[in-house]
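Please read the structure below before turning to the comments.
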Amino acid sequence: MNDVKESTEIVAVNDDTNDLVVMAERRVAQLEKITELSLKRTNVNDWVDQNGKPYLVCSGAEKIGRLFGVNWSILDSKKITSEDDKGKFYFYQATGVFTLKGHDSIEAVGTCSVRDKFFSKANGRELPVSEIDETNIMKSAYSNCVVNGITRLLGIRNLTWEVLERNGINKKGVASVTYTHNDSVISEAQRKRLWAMMKEFNKSEEEVKVFLKDKFNLDSSKDILKKQYQIICDFVEGK
Amino acid sequence: MSLDKTYRLIDKIIEQRNNYLKSKIQRYPARTFRASDINECDRRMVYSVLNWQEKALHDEGLQAIFDAGNKEEENVKRRLSDSGFEVIQSQTPFEIKNRDGEVICTGHIDGKILFEGSAICFEAKSMNQNIFNGIKSLEDFNKKPHLKKYLSQIQLYLFGNNEEAGFFILSDFRTEKYLPVVLDYGECERILQKLERCWGYVKRKEYPEKIEYNNQLCDKCPFTHICLPDVANKGANIINNEELEITLDRREELKLFVSEFEEIDETIKSTFKGVPESYVGSKYQIISSCRRGVRVDTKSLPDTIRSQYSIPTETWTVKINKLDGGQNGKGSNA
């Protein structure tokens with residue numbers, strides 16, 4: 001068994017060739033394996049749907065880090081104050097060094113601003129800085145640093161829902177964080193509602209397609225903007 | 001009501017429920033240690049007093065669990081009362097002082113039950129069914145750090161209330177389990193020494209050294225963002241061996257037939273129990289025999305006797321999980 005272990009760890013890239021193409025192919029194959037194994041180690045609770053893109057949260061990054069033996073030290077976490085046209089604000093910045101056993105180290109940074117919409121808005125209203133919990137901002141910068149460090153080190157950034165779904169993580173089961181603004185597209189739930197309304201009010205798919213194209217030049221219901229949604233609902237309801 | 005309205009109602013319920021839970025999440029000032037939060041890490045203990053304002057807040061999910069736990073504590077007391085027991089001194093505070101007479105730890109007992117002229121301390125704990133089923137004795141509390149804290153907590157309750165014994169009432173929200181606890185002076189001394197040691201740091205406004213990274217403690221610590229532990233993961237053995245993979249695949253295929261085999265085997269054997277010899281057609285002979293013997297029912301032995309004969313053993317359990325991904329991160333296991 002020991003022989004097997006030594007010769008087959010996928011994390012350790014053994015570049016015993018000078019052929020660049022062979023080396024590149026090996027690395028691509030390894031990266032695919034790392035991605036596959038990483039995703040299978042996580043579950044729906046380790047991901048959030050952030051404005052339509054999958055985002056790995058700290059619990060998931062820690063699981064993956066444990067799996068591949070990633071070590072890290074957070075060197076520094078500091079509060080930085082700044083000012084822009086909206087006024088004064090602060091953000092936290094955590095910096096850490098991430099190492100894969102027997103390999104190179106990278107430095108990664110994680111930040112979180114008091115202006116982050118996740119913390120600065122509640123019930124649709126903007127919170128004053130005094131009402132925002134500073135510890136949440138500090139903790140979030142730390143978590144972002146851990147996620148950034150692990151995903152960068154292992155090369156598992158910018159994954160798509162397609163890749164996640166191939167590995168058993170379904171977008172439907174993942175919590176979503178949508179930053180409301182009228183120029184963003186409607187949510188999956190709103191799209192489902194639209195389909196349900198079409199059935200309820202006996203509107204055919206074809207009729208709605210024609211309406212979307214004529215009125216907004218849209219080819220798919222996935223592209224409906226929030227500001228267009230009510231008009232489309234009114235059309236389906238026959239108002 | 002239209003389906004659209006129903007969807008909107010569901011969204012509204014989720015939103016308002018989350019807002020309600022969020023409004024309940026807060027930190028409480030800590031001037032001393034809490035009996036319910038005696039942690040294995042000294043540094044965390046010191047943070048809990050010196051840096052309580054920087055403690056990371058838990059999320060709505062955990063708040064819902066806390067709420068359910070508090071409600072269940074009330075339910076436990078009501079059930080006791082419905083069964084004719086008198087619960088007294090509910091949530092009575094107690095203090096632990098150090099040698100200099102300073103209060104270094106505070107807590108509340110869940111209550112005492114009047115029984116045959118005495119008041120007996122109890123601590124109610126609710127938990128999910130899996131954890132509940134895994135607890136069969138006090139030793140099982142040592143399996144997880146958050147359960148281990150319960151042992152320290154009840155020892156301090158007994159010590160702080162000068163009681164020789166008390167008990168846990170464990171609930172999985174459906175059934176209850178009762179575990180007696182005896183005041184253990186050795187364990188109390190260990191906890192008190194820890195409290196005094198940590199109190200010394202608090203008074204000097206200093207911090208103990210970081211412990212060696214322990215994922216069970218550090219990953220869930222609400223002070224990680226200020227402690228900044230150096231995380232050292234050993235990593236799993238990742239094996240690329242086609243032959244082994246094929247064998248495991250074959251094992252998966254055969255696994256499907258195991259339960260069917262066991263079910264049929266059990267049905268047939270139970271039918272022929274007590275029938276010495278039978279023939280089914282001309283293909284099968286079925287023999288049934290009875291062996292008589294005596295066995296010792298070790299489970300029914302009192303703990304005091306069983307512990308005299310206990311010896312340390314080492315058992316390795318090998319589980320094979322098929323990684324399906326998504327659902328639990330482990331996949332199905334066998």
Side-chain angles (χ1 to χ4, degrees), chain A residues 4-5 7-11 33 36-37 39-44 46 58-60 62-63 65-77 92 94 96 100-101 122-123 133-136 138-143 146 164-165 167-170 173 189 192-194 196-197 199-200 233 237, chain B residues 2-8 10-11 14-16 18-19 22-23 25-27 51-57 59-61 210 213 215 218-220 222-245 321-331:
Chain A
V4 176
K5 260 190 264 174
S7 61
T8 56
E9 280 188 3
I10 65 165
V11 177
K33 279 193 175 166
E36 194 182 342
L37 206 48
L39 294 180
K40 283 185 171 170
R41 188 64 192 89
T42 59
N43 61 41
V44 287
D46 297 317
C58 199
S59 61
E62 283 167 345
K63 282 181 191 172
R66 273 200 290 280
L67 175 67
F68 291 108
V70 177
N71 296 343
W72 66 88
S73 284
I74 304 296
L75 305 171
D76 183 35
S77 174
Y92 270 87
L100 196 54
K101 58 177 182 182
N123 299 326
D133 193 293
E134 191 169 333
T135 306
N136 283 341
M138 198 197 301
K139 175 89 185 168
S140 194
Y142 174 86
S143 301
V146 172
L164 262 70
E165 276 168 23
N167 288 284
I169 294 163
N170 200 320
K192 277 186 193 160
R193 253 180 243 155
L194 187 63
M197 281 168 66
K199 276 193 175 171
E200 193 180 343
C233 289
E237 284 182 45
Chain B
S2 70
L3 186 58
D4 178 47
K5 224 176 214 175
T6 309
Y7 270 124
R8 274 192 282 126
I10 292 168
D11 282 353
I14 295 170
E15 186 192 325
Q16 291 192 197
N18 277 336
N19 286 342
K22 222 179 247 179
S23 71
I25 301 169
Q26 52 184 303
R27 354 184 137 77
N51 299 75
W52 66 267
Q53 282 165 305
E54 288 167 90
K55 183 180 180 179
L57 292 172
D59 62 10
E60 295 94 319
K210 292 177 194 178
Y213 172 72
N215 71 298
C218 300
D219 287 359
K220 287 179 182 158
F223 297 103
T224 325
H225 58 293
I226 48 178
C227 175
L228 309 177
D230 293 333
V231 179
N233 287 308
K234 286 188 182 121
N237 286 322
I238 298 173
I239 298 163
N240 232 356
N241 182 316
E242 244 178 80
E243 206 178 312
L244 185 57
E245 224 170 299
N321 296 322
K322 186 167 189 298
L323 294 171
D324 298 324
Q327 295 311 305
N328 54 17
K330 288 179 185 168

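Because only heavy atoms are used, hydrogens play no part in the values below, and waters and symmetry mates are left out as well, while side chains stay in. All chains are named by letter (A, B, ...) in the order of the sequence lines, taking the proteins before the strands, and each is independently numbered beginning at 1.
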Could you tell me whether the side chain of Ile238(B) reaches within less than 4.5 Å of the side chain of Lys33(A), counting heavy atoms only?
-> no
For the pair Lys139(A) and Thr224(B), evaluate side-chain contact (heavy atoms from CB on, under 4.5 Å) and give the outcome as yes or no after the intermediate values.
-> CA-CA 8 Å; Lys139(A) 175 89 185 168; Thr224(B) 325; 3.8 Å; yes
Indicate the atoms forming the closest heavy-atom contact of Asp230(B) with Ser73(A), along with that distance.
-> OD1-OG, 2.8 Å
Hey, is CD on Gln26(B) packed in by over 12 heavy atoms from elsewhere, all under 6.0 Å?
-> yes
Taking atom SG of Cys58(A) and atom CG of Asp219(B), what is their separation to the nearest 0.5 Å?
-> 8.0 Å
Would you call Leu323(B) and Leu37(A) a side-chain contact if the rule is heavy atoms closer than 4.5 Å?
-> yes
Toward chain B, the part of Asp46(A) with a non-hydrogen atom under 4.5 Å = neither
Where does Lys55(B) contact chain A at under 4.5 Å (heavy atoms): side chain, backbone, both or neither?
-> backbone
Hey, is NZ on Lys210(B) packed in by over 12 heavy atoms from elsewhere, all under 6.0 Å?
-> yes
Please tell me if the side chains of Asn233(B) and Trp72(A) come closer than 4.5 Å, counting only heavy atoms from C-beta onward.
-> yes
Of all heavy-atom pairs between Glu54(B) and Thr135(A), which one has the smallest distance, and what is that distance?
-> O-CG2, 2.9 Å
